[in-house]
Amino acid sequence: MTNTLYDALFAPLAGRQTVLLKLASGGSISGDAFLRMVARFGHALRAAGVQPGDRVAVQVAKSPEALAVYGATVAAGAVFLPLNTAYTPEEVGYFLGNATPRVFLCDSVRQAALTPVAAQHGARLLTLGVTGGGELAELAAGLPDTLAVAPRGPEDLAAILYTSGTTGRSKGAMLSHDNLLSNARVLADLWRFTDRDVLLHALPIFHTHGLFVASNLSLLTGGSMIFLPGFDTDQAIGLLPQATAMMGVPTFYTRLLDDPRLDRALTGHMRLFISGSAPLLAETHRAFEERTGLRILERYGMTETNMNTSNPYDGERRAGTVGLPLPGVELRIMGEAGEVARGEVGVIEVRGPNVFKGYWQMPEKTREELREDGWFITGDLGTQDADGYVTIVGRAKDLIITGGYNVYPKEVEMLLDEQSGVLESAVIGLPHPDFGEAVFAVLTAQKGVTLDAGAVLAGLRDRLARFKQPKGALVVESLPRNTMGKVQKNLLRAEYAGWFKG
Ligand code: AMP
């Protein structure tokens, strides 16, 4: 029997006595021990009624057990549906209602709050202990440690990942076995991952970055992972000497840069630092190179598409760009009248084996964003230069139209960030009685600096067309970010919506 994803990622672990997961506690789990846990959990899921094609929803803290549930779900031929651990019971209710999973797995500590939610949507609730134990483990304990996996082909669904839903309800992106495997293969090849790699893994595993880019790649290539519950600068610095590669969101890198221990001696042995999920400032890229002599490799992807572009391994890694389309991925930049000329801004569209199958039970949303001929409208605005390098200038929905003129927030943010005393900035459009929308800047100050918003704006006067200059600005303690480090502009727009209404 074949099971596309299981055969490539999990089956090869059989008999492997070397370490697969190295834990923060100092303990470790061999490939073979992990696979036996996958098998027992697979039996337990079946005992709980899971059939091929069923959804298994999971909202649990990151742990080896949580990763094994992913393997067990794939082995059972079911569809893995991980949920952000920050979601409230009410939010979880939406996902359970939309995806109607057979089983919903939650942390033991949240059992009381989530039991009525699972019951309302007909999902069987099972707990998983944050440090082992829980109902799933109890159910699995007496079950065999080998499993006849359910047959699944390349086009069968392996996972549903919900988008972060900053513009409305989250949508469940349906990802097939081949979507995931083809992307992992391309990345493994491009980034030269082998069984000698030790990946520092501090990302959450409910998101495409930590689950698919990081874990799938490591499993596919037979390497090992230093599997941490989250990112802690001290811990990362302590463990970097044991790693060969790290994947992170930009905040991991800014936090490392804030620490004087980050230097060439600490990182000299590292093969690769990768960044994605949110824009890495060109300045961070350069600061990291100055301190370590290493150039971070930035790539770009999203829940619906896995990874789309990457800076090259050997060639030039250009700061501020997300690199070139991956082998097998087509990319085009579209304006109102079709494809735009090189260098011009438009909406990025992609097509390839990485692109998802549509939104779960949302045929209309699927038709709006996924063209019949396979092109997916990403909603990201970007440009592609003469060499093919792609630069992202923001989300289409963040584009500001003020008095009929288009303003790309990133252009203004880059200039604001250069002003003395500014740590970072977020530029948004706010309702304005005359202009429809007005450009507005939210600023944060560098340590120890008292920032004068008016003076910062004055610094832009000769550098930007008048219509692009913010008509208001405010200094805040910090910008709101989600777990993947993305600035939540929707929250800023809501908070300051009345600013120009007087
Ligand atoms: P998600 O679906 O949560 O992974 O979010 C995907 C979105 O994150 C993309 O559509 C981009 O807007 C953004 N994103 C991902 N990687 C990058 C990157 N390297 N630079 C800028 N934005 C990025």
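In each ligand, atom 1 is the first atom listed, and ligand 1 is the first ligand listed.
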For this session: Have a look at ligand 1 and work out which part of Ser275, if any, has a heavy atom under 4.0 Å from it: side chain, backbone, both or neither.
Result: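 The answer is neither; Ser275 stays 4.0 Å or more away.
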Exercise. Which part of Met484 is near ligand 1, with near meaning a heavy atom under 4.0 Å away: side chain, backbone, both or neither?
Worked result: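 Met484 to ligand 1: no contact under 4.0 Å from either part.
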Starting from [atom], what is the nearest protein heavy atom, named by residue and atom, and what distance separates them?
{"atom": "atom 6 (C) of ligand 1", "answer": "Met302 CB, 3.3 Å"}
{"atom": "atom 13 (C) of ligand 1", "answer": "Ser277 O, 3.9 Å"}
{"atom": "atom 10 (O) of ligand 1", "answer": "Asp380 OD2, 2.6 Å"}
{"atom": "atom 4 (O) of ligand 1", "answer": "His207 NE2, 3.1 Å"}
{"atom": "atom 2 (O) of ligand 1", "answer": "Thr303 OG1, 2.6 Å"}
{"atom": "atom 15 (C) of ligand 1", "answer": "Gly301 O, 3.3 Å"}
{"atom": "atom 5 (O) of ligand 1", "answer": "Lys486 NZ, 2.9 Å"}

Exercise. Are Leu5 and Tyr70 close enough that some pair of their side-chain heavy atoms sits under 4.5 Å apart?
Worked result: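 They are in side-chain contact.
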Problem set entry | Beyond-backbone contact of Val249 with Phe231, side-chain heavy atoms, under 4.5 angstrom |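 Of all side-chain heavy-atom pairs linking Phe231 with Val249, none is under 4.5 Å.
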For this session: Any atoms of ligand 1 less than 4.0 Å from a non-hydrogen atom of Val322? List them with their elements.
Result: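 Every atom of ligand 1 under 4.0 Å from some heavy atom of Val322: 18 (C), 19 (N), 20 (N).
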Problem set entry | For Glu298, the ligand 1 atoms whose distance to one of its heavy atoms is below 4.0 Å |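 The list of qualifying atoms is 18 (C), 19 (N), 20 (N).
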Problem set entry | Pairing of Glu437 and Arg493 as salt bridge, 4.0 angstrom limit |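 A salt bridge is absent here (no side-chain N lies under 4.0 Å from a carboxylate O).
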Exercise. How are the rings of Phe440 and Tyr496 set to each other: parallel, tilted or perpendicular (split at 30° and 60°)?
Worked result: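 Tilted.
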Exercise. Does NZ or CZ of Arg102 lie under 6.0 Å from the centre of the six-membered ring of Phe104, at an angle within 45° of the ring axis?
Worked result: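 Output no; distance or angle outside limits.
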Exercise. With a 4.0 Å cut-off on heavy atoms, is Arg299 touching ligand 1?
Worked result: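 Right, Arg299 reaches ligand 1.
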Problem set entry | ligand 1 contact by Thr163, heavy-atom criterion under 4.0 angstrom |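 Heavy atoms of Thr163 never come under 4.0 Å of ligand 1.
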For this session: Mind running side-chain hydrogen bond (donor to acceptor under 3.5 Å, both in side chains) on His207 and Thr483 for me, showing each step along the way?
Result: CA-CA 10 Å; His207 184 267; Thr483 16; over 6 Å; no
Problem set entry | For Asn308, the option from Asn354, Asn183, Asp380 that meets side chain to side chain donor-acceptor pair (under 3.5 Å) |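 Exactly one option meets the side chain to side chain donor-acceptor pair (under 3.5 Å) with Asn308, and it is Asn354.
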Problem set entry | Reference residue Arg192; test side chain to side chain donor-acceptor pair (under 3.5 Å); the match among Asp314, Thr221, Asp197 |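 The passing option is Asp314.
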Exercise. Are the aromatic rings of Phe435 and Tyr405 close, with centres under 6.0 Å apart?
Worked result: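 No, they do not, as the ring centres are separated by 6.0 Å or more.
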